[in-house]
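Written out below as structure tokens is the structure these notes cover.
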Amino acid sequence: MKKHFFLVIFTLIVALGVGLRLYGITEFPPSPYWEEVALGYDAYSILETGKDHHGNSFPVVAFESFGDWKPSLYFYILVPFIKFFGLTTLAIRLPAVLSGISIVIGIGVLIRYLVKEKDRDKMQLMAMAITAISPWAIQFSRAGWEVNLATALILWGVVLFTKELESNKNKPIFLFSSIILLSLSMYSYHSARVVAPLLGAGLALIWIQKKQKRITQLIIPTLVALILVSPIIISLGKNQTTQRFAETSIFSDLTIIEESNLRKEQVNNSFLGKVIYHRYVLFGKEVLINFFNHFQGDFLFISGDKNPRHSIQYMGTFYHFEAAFLILGAYALFSRKIKYRWFLLWWLVIGLIPASLSKNTPHALRILPTLPIWIVIISLGIREILEMFGGYKKTLAVLIALIYLGELSMFWRFYYKIYPQIYANEWQYGYQEKILEIEALRLQNPDQIINVSRKDGRPAMYYWFYTKTDPREVQLENKTAKKDQGEFLEFKNLRFE
């Protein structure tokens, strides 16, 4: 492909990706979700005081937030955006937008290392285009999702490591950059603390196999990685690293333990019964069920994640007709002996594990770090079908493009016009108006207790966000205020009940 033509198409795809992620970003979704507001206000607190709203100075591993201990990186990345744009919805969503754009480019670069040289330009552009219009990728690029940042860091960490693997020159800058990005991803989202180290181990094995004479070059980057993640290692077993898993893990589900005890009693506690119905066997079964739930057709192609914040419910994680491409792509991945295919499979498996250990599967948010693998497989599937009908390749390519355009039009129409109305409550729409009314009432009646309902979720945080409350005032009341875990139940003359 001629260079100037490639650059034109590349630019158009990136522009499309930017447009689909940035247009109407403060209105669609219609309001910031409480996790976004919490990220924004604590970043604002750091900017103004060097402490989170609980009074903790520059948290490294995680922010206490609502008592769920959110990984720290997104907070710090937000600080310059809030400095420039103020404490606004735009500021808290821009890092996710930029992460989404980098994912579009990164997946295109990744696939170049997987295919033959003659196919690289076309496959890169194809993978980028698919990512640019992907419902899954768009959904998590238009709100303040920490997982989108983690996915971008993991993807580019793998890309840079692969670049060094493919290079005949000794350029440790790429290797060190990869290690830094993978390490940083562990400070951006919980599941990355499982995915990034295991991906790093897989990449190290490839390095050992491919560059036996340069094995020692892994020593210093490994030490750098250990230093970078040492705060996480030191905090293992503490709330900063365990609280979220404890809340979402299937191992906290007592019904499985109760079922185990009941089953063993039903077989008179026989030795075989104790083995078959041991709690760990039942937990293992549940993990497998959760793992394979992510391959359900309804989740992938029909309605997506059951949580309306994670999917518009009108379409699946992928477009309907991409089912055929996924099947063909999975076939091509191994029959065509795609480079690093076993690593790609490893990436997919470990990317699904954190969600499989949790409740409520399938879960589009927790498995987002696997997005690049799905896109690569879809791209291989499209190439496969074009090769199968080589005589009609151009006609078929135009037909596929038109179908994609039709699917994108349906998705965007629903997302832009219908989704914000049907699922406004899922995004706590109306909180801004509510808070401004409460603040006016509070100022008029400074000595009167005002009760605010918690039924819409996290009213204290929304109050601070929309009134831009001085974080010092919140920090001052932190030690005496009544709380539900880390959530304030009172502030000044307000009572959140």
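Quick note: numbers below take in every heavy atom, side chains included, and nothing from hydrogens, waters or symmetry partners.
- Side-chain atoms of Arg142 come within 3.5 Å of backbone atoms of Phe28 as a donor-acceptor pair (strictly under, hydrogens ignored).
- Of the possible donor and acceptor atoms, one in the side chain of His294 sits under 3.5 Å from a partner among the backbone N and O of His363.
- The backbone N or O of Phe299 lies less than 3.5 Å from a partner atom in the side chain of Thr317, making a donor-acceptor pair.
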Go through it in stages, so that I can follow the logic: the residues are Trp342 and Phe334, the test is ring pair (Phe, Tyr, Trp, His ring centres under 6.0 Å), and I'd like the CA-CA distance, side-chain angles, deciding distance and then a yes or no. CA-CA 9 Å; Trp342 292 110; Phe334 292 96; 5.1 Å; yes
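- When atom types are taken as modelled, the side chain of Thr88 and the backbone of Ala91 share a donor-acceptor pair closer than 3.5 angstrom.
- The aromatic rings of Phe251 and Phe283 sit tilted, their planes meeting at an angle between 30° and 60°.
- The shortest distance between side-chain heavy atoms of Ile179 and Thr222 does not fall below 4.5 Å.
- The two residues Ser379 and Ile111 make their nearest non-hydrogen contact at CB-CD1, 3.7 Å.
- Under the 6.0 Å cut-off for aromatic ring centres, His310 and Trp145 qualify, their centroids lying closer than that.
- Within the structure, ring-ring contact (aromatic ring centres under 6.0 Å, His included) pairs that include any residue of residues 172-191 do not occur (at least two apart or interchain).
- Between Tyr419 and Tyr314, the gap from one ring centroid to the other reaches at least 6.0 Å.
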Criterion side chain to side chain contact (heavy atoms under 4.5 Å, CB included) on Leu73 and Leu153, from CA distance to verdict: CA-CA 11 Å; Leu73 186 60; Leu153 292 171; 3.6 Å; yes
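- We find that Lys210 and Glu166 are joined by a salt bridge, their nearest charged nitrogen and carboxylate oxygen being less than 4.0 Å apart.
- When side chains are defined from C-beta on, Met186 counts as touching Pro197, because their heavy atoms get closer than 4.5 Å.
- Under the 6.0 Å cut-off for aromatic ring centres, Trp374 and Phe295 qualify, their centroids lying closer than that.
- Taking the six-membered ring for Trp and the full ring otherwise, the centers of Phe325 and Phe321 sit less than 6.0 Å from each other.
- With sequence neighbours excluded, the residues satisfying side-chain contact (heavy atoms from CB on, under 4.5 Å) with Phe301 are Phe318, Ala323, Leu326.
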Determine, step by step, whether Ser99 and Asn148 satisfy the side-chain hydrogen bond (donor to acceptor under 3.5 Å, both in side chains) criterion, reporting the C-alpha distance in whole Å, the side-chain angles of both residues, the deciding distance to 0.1 Å, and the verdict. CA-CA 6 Å; Ser99 297; Asn148 216 43; 5.1 Å; no
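- Two residues are said to be in side-chain contact when any heavy atoms from C-beta on lie closer than 4.5 Å; Lys3 and Asp121 fail this criterion.
- Of the possible polar contacts, none joining the Tyr331 side chain to the Glu384 backbone as a donor-acceptor pair under 3.5 Å is found.
- In this structure a side-chain-to-backbone donor-acceptor pair under 3.5 Å is present from Glu36 to Tyr33.
- Between the side chain of Arg120 and the backbone N or O of Arg112, at least one donor-acceptor pair lies under 3.5 Å.
- In this structure, Gln209 places its CD atom where only 12 or fewer heavy-atom neighbours from other residues, nucleotides or ligands lie under 6.0 Å away.
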Would you check, one step at a time, whether the test side chain to side chain contact (heavy atoms under 4.5 Å, CB included) holds for Tyr44 with Phe75? CA-CA 9 Å; Tyr44 175 67; Phe75 292 92; over 6 Å; no
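- Inspection of the Gln421 and Tyr429 side chains reveals no N or O donor paired with an N or O acceptor under 3.5 Å.
- Between the side chains of Ser356 and Asn290, no donor-acceptor pair of N or O atoms lies under 3.5 Å.
- Counting non-hydrogen atoms of other residues, nucleotides and ligands closer than 6.0 Å to NZ of Lys83 gives a total of 12 or fewer.
- The nearest pair of heavy atoms linking Gly351 to Thr370 is CA-CG2, 3.4 Å.
- Side chains of Gln432 and Tyr462: no donor on one and acceptor on the other come within 3.5 Å.
- Annotation: cation-pi pair Arg458/Phe66 present, NZ/CZ under 6.0 Å from the ring centroid and within 45° of its normal.
- Of the possible donor and acceptor atoms, one in the side chain of Arg93 sits under 3.5 Å from a partner among the backbone N and O of Ile25.
- Scanning both residues, Pro135 and Phe411, for their nearest heavy atoms gives CB-CE1, 3.8 Å.
- Of all heavy-atom pairs between Ile154 and Pro369, the closest is CD1-CB, 4.2 Å.
- Residues Tyr415 and Trp412 bring their aromatic ring centres within 6.0 Å.
- The closest side-chain heavy-atom distance from Val61 to Arg193 is below 4.5 Å.
- Side chains of Gln139 and Ile312 form a contact here, defined as non-hydrogen atoms less than 4.5 Å apart.
- With hydrogens and angles disregarded, a donor-acceptor distance shorter than 3.5 Å links the side chain of Ser188 to the backbone of Ser185.
- You'll find the ring centres of Trp34 and Tyr41 outside the 6.0 Å limit.
- Residues Trp207 and Leu203 form no side-chain contact, since every pair of their non-hydrogen atoms from C-beta on lies 4.5 Å or further apart.
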Could you give the side-chain donor-acceptor pairs of residues 16-23 under 3.5 Å, partners two or more places apart or in another chain?
| from | atom 1 | to | atom 2 | distance (Å) |
| --- | --- | --- | --- | --- |
| Arg21 | NH1 | Gly17 | O | 3.1 |
| Arg21 | NH1 | Ala132 | O | 2.8 |
| Arg21 | NH2 | Thr131 | O | 2.9 |
| Arg21 | NH2 | Ala132 | O | 3.4 |
| Tyr23 | OH | Tyr416 | OH | 3.3 |

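- Gln313 contributes a side-chain N or O that, together with a main-chain N or O of Asp305, makes up a donor-acceptor pair within less than 3.5 Å.
- Val281 has its side chain out of reach of Ile276: every pair of non-hydrogen atoms, C-beta onward, lies at least 4.5 Å apart.
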Yes or no on side chain to side chain contact (heavy atoms under 4.5 Å, CB included) for Ile385 and Ile400, after CA distance, side-chain angles and deciding distance? CA-CA 10 Å; Ile385 200 169; Ile400 291 172; 4.1 Å; yes
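- Using a 4.5 Å cut-off on side-chain heavy atoms (C-beta onward), Phe10 and Gln124 make contact.
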Does the side-chain hydrogen bond (donor to acceptor under 3.5 Å, both in side chains) test come out yes or no for Ser65 and Lys70, once each step is laid out? CA-CA 7 Å; Ser65 194; Lys70 296 176 176 63; 2.7 Å; yes
